[in-house]
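Quick caveat: nothing in here was measured; it's all calculated off a predicted structure.
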Amino acid sequence: MAKVVFVHGVGKQYLSEDSLARDLVPELRGGVRLARAPVPVPEPEDVAIAFYGDLFRPRGGRAGPSESFDASDVESDEEYALLMEWWAQAARTDPGVPAPDESGGRGPAGRAGSQLMRLQLVRAALDALTGAQFLTGMLDRVLISDLKQLVGYLTDDDIRERAKARLAARITPETRVVVAHSLGSVVAYETLCDETLSTGRDVHMLVTLGSPLGMRGLVLPRLRPEPAAGGLARWPRALRRWTNIADATDIVAVVRELRPAFGSRVTDVTVHNGSHMHEATRYLTAVETGRAIAAGLSGAVPDAAERQDAERQDAEPVPADGGSAG
């Protein structure tokens, strides 16, 4: 039974559980080894991959929709809002990327314009993002496919429930750490919150990497369960501690600190992933990620009394800073 479960992010629709295990398990183990923590490095058989990428794979003919996406395919308000947020974040972190208000629009305010203006803004956003230092070589169709997958999970109940079920099937009573990248962090959070899927589980550490969970306009209000009246997201009963790790230039992790929105048991950590700011392997080989995984494996987590104290503290409404995608 796996002690560590990894759940992937967007853009894996043409891969498999086996190919991800081949590429990611060695990097995860290497990160723990680099951390030099006083726990054994998990063996390959101790690490499982929760795979749901095929849920986004186009069905039918040879040329799937993802092979021909262009600006006109950014159709829903949610997709448009996410793209604009990515553009604004890229402009904040890369001086070579023009801000939305420097490219003929006014960022979020420009969204009220005509369909033609909206299409022009989408094209400007794609041009800006594909020219960003940390997204060199990224194609428009790949960016559009990725944003469609994040929005698709949040708006398609069938995909949502099937993805959660895939992860739940990998988490056993022996699982102590769940590592979740990108969209996978949303899947992990909701799975651990769902008592029909997580009863009898005792996850000592959730490690989120490049997570979009803190986006107040697009993601937080659509989480299941919804945040409490005071704006604080609910804490998963099956979880003890949470380490959130984000690269300072990762445009997907628009809100890098999750503690204000998810409570005092979250530890926020910043890392540097070089030119591949959102790549899972870069996150996994970071010493900070290795330390968080090792902490979960070591049992260095709160006992029941400490957890109850934290729950009482988190129940008090806390004002939270955070970005907006709407």
For residues [X] and [Y], report the shortest heavy-atom separation together with the two atoms involved.
{"X": "Ala163", "Y": "Leu55", "answer": "N-CD1, 3.6 Å"}
{"X": "Arg234", "Y": "Ala228", "answer": "NH2-CA, 4.0 Å"}
{"X": "Ala292", "Y": "Met205", "answer": "O-CG, 3.6 Å"}
{"X": "Leu197", "Y": "Thr191", "answer": "CB-O, 4.2 Å"}
{"X": "Leu258", "Y": "Val255", "answer": "CD2-O, 4.0 Å"}
{"X": "Pro227", "Y": "Leu220", "answer": "CD-O, 3.3 Å"}

- Please check if Val207 and Val287 belong to a single hydrophobic cluster, counting links between Ile, Leu, Val, Met, Phe, Trp and Tyr side chain heavy atoms closer than 4.5 Å. no

- Item | same_hphob_cluster(Leu223, Met215) at 4.5 Å side-chain heavy-atom cutoff | yes

- Query: Excluding sequence neighbours, so at least two apart, what forms salt bridge (charged side-chain N to carboxylate O under 4.0 Å, His left out) with Glu226?
  - Reply: none

Taking C-beta and beyond as the side chain, do [X] and [Y] meet within less than 4.5 Å on heavy atoms?
{"X": "Arg224", "Y": "Glu161", "answer": "yes"}
{"X": "Lys3", "Y": "Leu297", "answer": "yes"}
{"X": "Val219", "Y": "Leu154", "answer": "yes"}
{"X": "Arg240", "Y": "Asp202", "answer": "yes"}
{"X": "Trp242", "Y": "Thr267", "answer": "no"}
{"X": "Val179", "Y": "Ile293", "answer": "yes"}

- Query: Is there any salt bridge (charged side-chain N to carboxylate O under 4.0 Å, His left out) pair reaching into residues 178-193, and which pairs are they, with sequence neighbours excluded?
  - Reply: Arg160-Glu190

Side-chain donor-acceptor contacts of residues 21-34 below 3.5 Å, not counting sequence neighbours, with atom names and distances?
{"residue": "Arg29", "atom": "NE", "partner": "Pro42", "partner atom": "O", "Å": "2.6"}

- Message: Check this for me: does any side-chain nitrogen of one of Lys148 and Asp156 sit under 4.0 Å from a carboxylate oxygen of the other?
- Response: no

- Query: Is it true that Asp268 and Arg256 have a side-chain N and a carboxylate O under 4.0 angstrom from each other?
  - Reply: no

Under 3.5 Å, which donor-acceptor pairs link side chains of residues 166-173 to any protein atom two or more places apart or in another chain?
{"residue": "Arg166", "atom": "NH1", "partner": "Phe51", "partner atom": "O", "Å": "2.9"}
{"residue": "Arg166", "atom": "NH1", "partner": "Asp54", "partner atom": "OD1", "Å": "2.8"}
{"residue": "Arg166", "atom": "NH2", "partner": "Asp54", "partner atom": "OD2", "Å": "3.1"}
{"residue": "Arg170", "atom": "NE", "partner": "Ile49", "partner atom": "O", "Å": "3.2"}
{"residue": "Arg170", "atom": "NH2", "partner": "Glu17", "partner atom": "OE1", "Å": "2.9"}
{"residue": "Arg170", "atom": "NH2", "partner": "Glu17", "partner atom": "OE2", "Å": "3.1"}
{"residue": "Thr172", "atom": "OG1", "partner": "Glu174", "partner atom": "N", "Å": "3.2"}
{"residue": "Thr172", "atom": "OG1", "partner": "Glu174", "partner atom": "OE1", "Å": "3.2"}
{"residue": "Thr172", "atom": "OG1", "partner": "Thr175", "partner atom": "OG1", "Å": "3.4"}

Going by the rule side-chain hydrogen bond (donor to acceptor under 3.5 Å, both in side chains), which residues pair with [X] if we only count those two or more places apart in sequence or in a different chain?
{"X": "Asp46", "answer": "none"}
{"X": "Tyr283", "answer": "Asp250"}
{"X": "Arg162", "answer": "Asp158"}

Show me, pair by pair, the donor-acceptor contacts under 3.5 angstrom made by side chains of residues 180-187, not counting sequence neighbours?
{"residue": "His181", "atom": "NE2", "partner": "His278", "partner atom": "O", "Å": "2.7"}
{"residue": "Ser182", "atom": "OG", "partner": "His278", "partner atom": "NE2", "Å": "3.0"}
{"residue": "Ser185", "atom": "OG", "partner": "Ser182", "partner atom": "O", "Å": "2.7"}
{"residue": "Ser185", "atom": "OG", "partner": "Ser211", "partner atom": "OG", "Å": "2.7"}

side-chain contact (heavy atoms from CB on, under 4.5 Å) partners of [X], counting only residues at least two apart:
{"X": "Ser16", "value": "Asp18, Ser19"}
{"X": "Pro221", "value": "none"}
{"X": "Glu279", "value": "His276, Thr281, Arg282"}

Could you tell me the separation between the [atom1] atom of [X] and the [atom2] atom of [Y], rounded to the nearest 0.5 Å?
{"X": "Leu206", "Y": "Leu239", "atom1": "CG", "atom2": "CG", "answer": "5.5 Å"}
{"X": "Leu284", "Y": "Thr289", "atom1": "CG", "atom2": "OG1", "answer": "6.5 Å"}
{"X": "Arg265", "Y": "Arg241", "atom1": "CZ", "atom2": "CZ", "answer": "7.5 Å"}
{"X": "Glu78", "Y": "Arg222", "atom1": "CD", "atom2": "CZ", "answer": "4.5 Å"}
{"X": "Ile159", "Y": "Tyr52", "atom1": "CD1", "atom2": "OH", "answer": "10.5 Å"}

- Tyr153 meets the ring-ring contact (aromatic ring centres under 6.0 Å, His included) criterion, sequence neighbours left out, with none

- Residue pair His272, Asp247: steps toward the side chain to side chain contact (heavy atoms under 4.5 Å, CB included) verdict: CA-CA 5 Å; His272 181 65; Asp247 181 284; 4.2 Å; yes

- Item | salt bridge (charged side-chain N to carboxylate O under 4.0 Å, His left out) between Arg291 and Glu288, worked out | CA-CA 5 Å; Arg291 288 173 182 157; Glu288 294 85 351; 5.2 Å; no

